[in-house]
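The first residue in the sequence is number 1, and the count goes up from there.
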Amino acid sequence: MSETDVADIRSSLHDQAVRLARMEERQVTVYRMLETSLSNYADLVNRVTALEKLKAHFYFAAALVGTCVSVFWELIKVKVFQKG
C-alpha cells in the first residue's frame, strides 16, 4: 500500500466521519422537532378536553335554569291566570 492509498483512505474516513456527524445532528434536530410537536399536541388535547368538560357543565346549568324557569312560569300561570 502506498502513501497515496493511505492518504485516500484517511480522507475517505474523514469525509465519512463528517457525514456521520451531520446525520447525527439532523437526527437530533428531528427528535427535538418531534418532541415539540408531540408536546404541542398533548397540550391541545388537554385544552380540548377541558373545553368539553366546560361545555358539559354549561349544558347542565342551562338545563337546570330552563327547568326552574318552566316551573316558575307554570306557578305564575296557576296563581295569576286561574284567579279570573
Any side-chain to backbone donor/acceptor pair from [X] onto [Y]? Under 3.5 Å, distance only.
X	Y	value
S11	A7	no
T36	R32	yes
S70	G66	no

message: Check R47 with D43, please: is the shortest side-chain N to carboxylate O separation under 4.0 Å?
response: yes
- request: Identify whether the distance between the nearest side-chain nitrogen and carboxylate oxygen of K77 and E74 falls below 4.0 Å.
  value: yes
- prompt: Which heavy-atom pair separates Q82 from V78 by the least distance, and what is that distance?
  reply: CB-O, 2.9 Å
query: Going hydrophobic residue to hydrophobic residue with side-chain gaps under 4.5 angstrom, can you get from V6 over to L13?
result: yes
Nearest 0.5 Å please: distance from the [atom1] atom of [X] over to the [atom2] atom of [Y].
X	Y	atom1	atom2	value
T49	L44	OG1	CG	9.0 Å
S2	D8	OG	CG	8.0 Å
R26	R22	CZ	CZ	7.0 Å
S12	D5	OG	CG	12.0 Å
F58	L51	CZ	CG	10.0 Å
Q16	I9	CD	CD1	12.5 Å

